[in-house]
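This report refers to the structure that appears directly beneath it.
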Amino acid sequence: MAGRYKSDLKWSDVTPKADWINRRQLMAGSGALALGSTAGPAVASLGAQKTDWGAGLEPNTVEEITTYNNYYEFGTDKGDPAMHAHALTTEPWSIEIDGLVDQPGSYGLEDILKSVTLEERIYRLRCVERWSMVVPWVGFELADLLAMAGVQPSAKYVAFETALRPDEMPGVSYPIIDWPYKEGLRLDEAMHPLTIMATGLYDEPMPNQNGAPIRLVVPWKYGYKSIKSVVRISLVEEQPPTAWNNYSANEYGFYSNVNPDRDHPRWSQKYERRVGGGLFAKQEPTLFMNGYADEVGSLYAGMDLIENH
Amino acid sequence: MQRVNQTLGRIPPWLIYGIAAFPPVWFFWLGLNGGLGVEPIKELEHRLGELALQVLIATLAIRPLREWTHVNLLKLRRSLGVVTFAYVSLHLLVWLVLDVQILSEIWADIVKRPYITVGMAGFILMIPMVVTSNNLSLRKLGPKKWRRLHRLMYPVCVLAGLHFVMLTKGFQFEPLIYLALILVLLAARVPWNLGRATA
């Protein structure tokens, strides 16, 4: 299934590993510690199949990707996940696939990985809070996982759930949102080849703060749709409840497609700032569908995307 | 206690201003050198905002503190008010110049985003106070008028507390704690006991 997408960007455009490792070594002790559970240089590479996906994009460094995270189960500050997520037990891991599928049940991550091809996908990530990154994910298409379970024709939506482990997640003792974290996609969005389940980045296993061991990545939607540390996937007929939409439907729509013309009620979405540009980083215009309109535009033909935000 | 109060009362304003200059300079230096993380603009903006809120609350606490403990810091109050204004101005400046950057976006934010409208209102209400925070203005206005003008502190504090509460994502305790502190310190000024007058 790998290699369905092609682009001009070469894997050689990614920051060479030697460079980012050197940068990490240059950082002061506190900074290095803040990396938390980031895979060290000793970790074997995943050997993901190279793809050219990600034209013209230069990925953020590993320290940018692993020290600036929204993962409220580990605290609401951007640095909290890097500090606390090491407590998350990621082995063994399994995903409960249930609902309208032919083979419901518990799917062990190791078994899943035996029957998929891992690919590198360099995607833009646009947070609803107006910051952005480019991440060289490693993963496989969600469609491949759904095919293993056998989606029944009556299924219209896919619902996802993050692990809820009060002993390992200090943030869930606070009612920041209604735990566990939930997300959802329309079935055609879930089956789209851009939609992946990621198990790593920079060709190394997923750091805990980024959603280890396996997370969703939907690059044309605001970051919170790309749910982390997935333990449950349900195929359903009705639009499932989702965490931020439950919290404030006016601010966080079910679709949550990146759209510079649909402001968040509390801030404009016209611009964004790439993380890592320092104190004088410039604002950049946000792209419709986060730059993936050519690929996913047809999913929303005829839909009012302001109303269905 | 009297000696404590006399010593505290002798702290000259320039010393307060000198000390107060350190945190913003330190934060800026950290921001330039990677000490504020990989997204230093937001971090700098938030740290300055939080610092301003803390000094604002300290300023508001001075009178209740005298009533509850007899520690009298009234002489420091004006300087702390000026320090608060300086921090708020820097917070605003970082938002304008480093964060939003684009003029049309700045204006759109001020009129369309309630938490920014509330923050700006708080800033504007501080201006008459900082302009009259000198002895000459005090003499010109007379103590009664001057004190009445400086009751603007009360709405400013409520606006500042709300500004923080309104900008968070999800239900978070920290901004609510700040707002609760402000409300307690304001409530302490209400002459609940009608027989006892409060200045």
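Residue numbers begin at 1 in each chain, while the letters A, B, ... track the order of the sequences.
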- [ ] Please determine, among B:Val94, B:Ile116, B:Val100, the option with the most heavy-atom pairs under 4.5 Å with chain A.
- [x] B:Val100

Task: B:Leu36 versus chain A, the contacting section by heavy-atom distance below 4.5 Å - done: neither

- [ ] Output, in order, the C-alpha distance, side-chain angles, deciding distance and verdict of side chain to side chain contact (heavy atoms under 4.5 Å, CB included) for A:Asp263 and B:Lys112.
- [x] CA-CA 10 Å; A:Asp263 285 351; B:Lys112 275 168 79 178; 3.5 Å; yes

Task: A:Gly278 to B:Pro40 - nearest heavy-atom pair and separation - done: C-CG, 3.5 Å

Open item on the list: Under 4.5 Å from any heavy atom of chain A, what part of B:Leu98 do you find: side chain, backbone, both or neither?
Closed with: both

Task: Inter-residue atom distance B:Asp99.CG - A:Gln283.CD, 0.5 Å rounding - done: 6.0 Å

Open item on the list: Counting only non-hydrogen atoms closer than 4.5 Å, does A:Ser268 touch chain B with its backbone (N, CA, C, O), its side chain (CB onward), both, or neither?
Closed with: both

Task: Side-chain donor/acceptor of A:Arg273 to backbone N/O of B:Glu39, under 3.5 Å - done: no

Open item on the list: Please classify the contact between B:Phe173 and chain A as side chain, backbone, both or neither, with a heavy-atom cut-off of under 4.5 Å.
Closed with: side chain

- [ ] Return the minimal non-hydrogen interatomic distance between A:Thr67 and B:Val38, and the atom names on each side.
- [x] OG1-CG1, 3.7 Å

Open item on the list: At a 4.5 Å cut-off on heavy atoms, which part of A:Asp77 comes close to chain B: side chain, backbone, both, or neither?
Closed with: neither

Task: Contacting moiety of A:Lys282, where chain B heavy atoms sit under 4.5 Å - done: both

Task: For chain B, the option from A:Val128, A:Asn70, A:Val275, A:Ile177 that forms the most heavy-atom pairs under 4.5 Å - done: A:Val275

Task: B:Phe123: ring pair (Phe, Tyr, Trp, His ring centres under 6.0 Å) partners, not counting sequence neighbours - done: B:Phe85

- [ ] Nearest 0.5 Å please: distance from the CZ atom of A:Arg130 over to the NZ atom of B:Lys42.
- [x] 5.5 Å

Task: A:Trp244 side chain near B:Lys169 side chain, heavy-atom distance below 4.5 Å - done: yes

Open item on the list: Test your reading of the model: is there a side-chain donor-acceptor pair from B:Gln172 to the backbone of A:Tyr174, 3.5 Å cut-off?
Closed with: no

TODO: Output the distance between atom OH (B:Tyr115) and atom CH2 (A:Trp267), rounded to the nearest 0.5 Å.
DONE: 6.5 Å

TODO: Quick one: which of A:Arg266, A:Lys78, A:His264 has the most heavy-atom pairs under 4.5 Å with chain B, could you say?
DONE: A:Arg266

Open item on the list: Please rank A:Trp131, A:Tyr271, A:Phe280 by heavy-atom pairs under 4.5 Å with chain B and give me the top one.
Closed with: A:Tyr271

Task: Greater than 12 external heavy atoms within 6.0 Å of B:Leu103's CG - done: no

Task: Residue A:Glu129 versus chain B: region with a heavy atom under 4.5 Å - done: side chain

Open item on the list: Counting neighbours of CD on B:Gln2 that are heavy atoms of other residues, nucleotides or ligands and sit closer than 6.0 Å, is the number greater than 12?
Closed with: no

